[in-house]
Amino acid sequence: MTDLINLMNDLLWGSILVYLLVGVGIYFTFRLGFIQFRHFGHMFSVLRNSRKSDSSGISSFQALCTSLAARVGTGNMAGVAVALTLGGPGAIFWMWMTAMLGMATSFAESTLAQLYKTRDKDGNYRGGPAYYMEKGLGMRWMGVLFSIFLIIAFGLVFNAVQANSISSAMNTAFGFEPLHVGIVIVLLSSFVIFGGIRKIARTAELIVPFMALAYIVIALAVVFINIDKLPAAINLIFRSAFGLEQAAAGGIGYAIAQAMINGVKRGLFSNEAGMGSAPNAAASATPYPPHPASQGYVQMLGVFVDTIVICSATVAIILMSGEYVPHGEITGIELTQRALSSQVGDWGSIFVAFAIFFFAFTSIIANYSYAETNLIFLEHNNKKGLVVFRIIVLGMVMFGSLTTLPVVWSMADVSMGLMAIVNLVAILLLSGIVVKLAKDYNRQLKAGKLPTFDAYDYPELKSQLEEGIWDNNKSQ
């Protein structure tokens, strides 16, 4: 079984996905006029007005926190360490490139998710790639395929990954038995998961900003202590990315390939741009300005915060610590803990344990919310089916707490790769609509108006949209 998983990983990540992800990111970067750079400041302008919501949707800020809850977790703290160990410091450069290009991809998928969102039987907004595949492309079969991959990836495998990192960190810091840690995670997760989408959003809104800020402050402190090492660390990353560090020893091509593959792989796992996960949170929001593209800007900011800010914080901690050993046996969350402890003392390991606990815990509940939305797409809100699924999810959390790291990471990579391929094909097919919405938003913005989307202005789209969601009074 392990050999089969590794074979699929080699096929997906050794050839298909690296080129597809980078290619789609470049495509949307050009088609949207380098939107992630030209409108970088506007992302923060949208964020300032992101606390508004209504009876059907959560606020844009809650949607951002929910997507960050899923993004900011194991990938930022354990995944960066894995990328460094397997791909060398050059992998970090490719993580950054994946994020910069992925910001445009994230804009596209989140804008589409907002456009094609629906209301479930409880009156809450639901949406995501499965929904725009069915409504925008008329391909329900494609939405079903994506939903199955997402449920496997986020409902099951990724939650095992997050639980694995929590139990490993707690064992390293306190010597707690993985079984006991697993029981605690299951109990806490069940309390939030059974509370529904709004409880998940509120929990993420409370925990994520506080923990992210605390982690960044600690990382900045480490950089300040080692400010003399900063130029060398940055130089090492760029030299390794292009094989210059390995030139003397030969094998430049292999070194570059390993840096690129591991950087893109771990970058995608961390920021999820193009994977089709964050759009599930984006669709749940009541956007302000009331236009699908405003959620594109909000989620674009999420990719930047996740990889360029938080992942870079972990990179700084590890590279400046002296604990990093290329292809060493110490990797994952344990390497991050050792690195921070070497800089600030024994409490560093404890801080990382608590940070990964909260980051990974919020990832578990956000991952579940994505899976729930796609289960509703498949089952049309079958209440009994949801209860059974919640129990299975909690079982996978316990499984992840007890199993070994390599097996779990490999399973995560396969499920993530299959999901991403289906979603990337869909957003490429719908790229014309993304460009149309971006132009509509920015035309209104330049005219000094509050960008507002009205389905009546786009009769070619109106028949695809759920009635009543985008029908504004100005056209009635």
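Below, each value reflects all heavy atoms present in this structure, side chains not excepted, and no hydrogens, waters or symmetry copies.
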### Query
How about Phe191 and Thr203: do any of their side-chain heavy atoms sit closer than 4.5 Å?
no
### Query
Is there a side-chain contact between Phe154 and Asn280, using heavy atoms and a 4.5 Å cut-off?
no
### Query
Does the pair Phe453 and Gln444 meet the rule for a side chain to side chain contact (heavy atoms under 4.5 Å, CB included), with working shown?
CA-CA 10 Å; Phe453 180 77; Gln444 295 182 59; over 6 Å; no
### Summary
To the nearest 0.5 Å, atom CE of Met139 lies from atom CG of Leu145 at 12.0 Å
### Query
Side-chain contact, heavy-atom cut-off 4.5 Å: Thr98 with Val22?
no
### CG on Asn164 to CD1 on Ile185, rounded to 0.5 Å
9.5 Å
### Exercise: identify the closest heavy-atom pair between Asn442 and Ala438
ND2-O, 2.8 Å
### Message
So Lys135 and Leu465, do their side chains get closer than 4.5 Å, heavy atoms only?
### Response
no
### Query
Would you call Tyr125 and Ile58 a side-chain contact if the rule is heavy atoms closer than 4.5 Å?
no
### Within 6.0 Å of CZ in Phe30, more than 12 heavy atoms from elsewhere
no
### Query
Could you state the interatomic distance from CZ (Phe389) to CG (Leu378), rounded to the nearest 0.5 Å?
10.0 Å
### Task
Go through the steps for Asp457 and Asp440 under the test side chain to side chain contact (heavy atoms under 4.5 Å, CB included), then give the verdict.
CA-CA 10 Å; Asp457 293 337; Asp440 178 61; 5.7 Å; no
### Query
Under 30°, 30 to 60°, or over 60°: which ring-plane class applies to His42 and His39, parallel, tilted or perpendicular?
perpendicular
### Query
Looking at Ala316 and Val223, what are the two nearest heavy atoms and their distance?
CB-CG2, 3.6 Å
### Query
Counting N and O atoms only, with roles assigned by atom type, does the side chain of Gln36 sit under 3.5 Å from a partner on the main chain of Met300, one being a donor and the other an acceptor?
no
### Query
Which heavy-atom pair separates Ser189 from Leu394 by the least distance, and what is that distance?
CB-CD2, 3.8 Å
### Query
Between Phe37 and Met100, is a side chain to side chain contact (heavy atoms under 4.5 Å, CB included) present by the stated rule, with each step listed?
CA-CA 9 Å; Phe37 305 109; Met100 297 308 294; 3.1 Å; yes
### Summary
Note: Ala273 and Gly102 closest approach over all heavy atoms is CB-O, 3.3 Å
### Message
Is the shortest side-chain heavy-atom distance between Phe40 and Phe304 below 4.5 Å?
### Response
yes
### Summary
d(Leu220 CG, Tyr215 OH) to nearest 0.5 Å is 11.5 Å
### Closest heavy-atom pair and its distance - Leu437, Pro292
CD1-CB, 4.4 Å
### Message
Using the rule side chain to side chain contact (heavy atoms under 4.5 Å, CB included), only one of Leu340, Thr314, Val80, Thr85 pairs with Leu335; which is it?
### Response
Thr85
### Query
Roughly how far apart are Gln295 CD and Leu115 CG, rounded to 0.5 Å?
13.0 Å
#### Entry: Partner residues of Glu460 under the salt bridge (Lys or Arg N to Asp or Glu O under 4.0 Å) criterion, sequence neighbours left out
Lys436
### Query
Less than 4.5 Å apart, any side-chain heavy atom of Val414 and any of Val157?
no
#### Entry: Sole candidate of Ser67, Ser106, Ser110 that passes side chain to side chain donor-acceptor pair (under 3.5 Å) when paired with Gln299
Ser67
### Query
Does Asp306 use its side chain to pair, donor to acceptor, with the backbone of Gly302 at less than 3.5 Å?
no
Using residues 420-435 as the side-chain source, report each donor-acceptor pair under 3.5 Å to any protein atom, sequence neighbours left out, with the distance given to one decimal.
residue : atom : partner : partner atom : Å
Asn423  : OD1  : Tyr132  : OH           : 2.6
Asn423  : ND2  : Glu109  : OE1          : 2.9
Asn423  : ND2  : Gly274  : O            : 2.8
Ser431  : OG   : Tyr27   : OH           : 3.1
Ser431  : OG   : Arg31   : NH1          : 3.3
Ser431  : OG   : Leu428  : O            : 2.9

### Query
Would you say the side chain of Met211 lies within less than 4.5 Å of the side chain of Phe361, judging by non-hydrogen atoms?
no
### Task
Could you check whether the rings of Tyr297 and Phe107 sit parallel, tilted or perpendicular, using 30° and 60° as the cut-offs?
perpendicular
### Message
Test your reading of the model: is there a side-chain donor-acceptor pair from Gln62 to the backbone of Ala285, 3.5 Å cut-off?
### Response
no
### Query
Where do Leu150 and Met275 land on the side chain to side chain contact (heavy atoms under 4.5 Å, CB included) test, with the steps shown first?
CA-CA 9 Å; Leu150 184 141; Met275 197 192 303; over 6 Å; no
### Query
Would you say Phe354 has more than 12 foreign heavy atoms packed within less than 6.0 Å of its CZ?
no
### Message
Return the CG to CD1 distance between Leu375 and Ile148, rounded to the nearest 0.5 Å.
### Response
10.5 Å
### Message
Please confirm whether the ring centroid of Phe146 lies under 6.0 Å from the ring centroid of Phe377.
### Response
no
### Query
Backbone N or O of Pro290 within a donor-acceptor pair of the Ser294 side chain at under 3.5 Å?
no
### Query
Has the side chain of Arg38 got a donor or acceptor atom that lies under 3.5 Å from a matching backbone atom of Gly33?
yes
### Query
If you take all heavy atoms of Thr66 and Ser369, which pair is closest and at what distance?
CG2-OG, 4.1 Å
### Task
Taking the six-membered ring of Tyr456 (Phe, Tyr or Trp), confirm whether the NZ or CZ of Lys462 is under 6.0 Å from its centre and within 45° of its axis.
yes
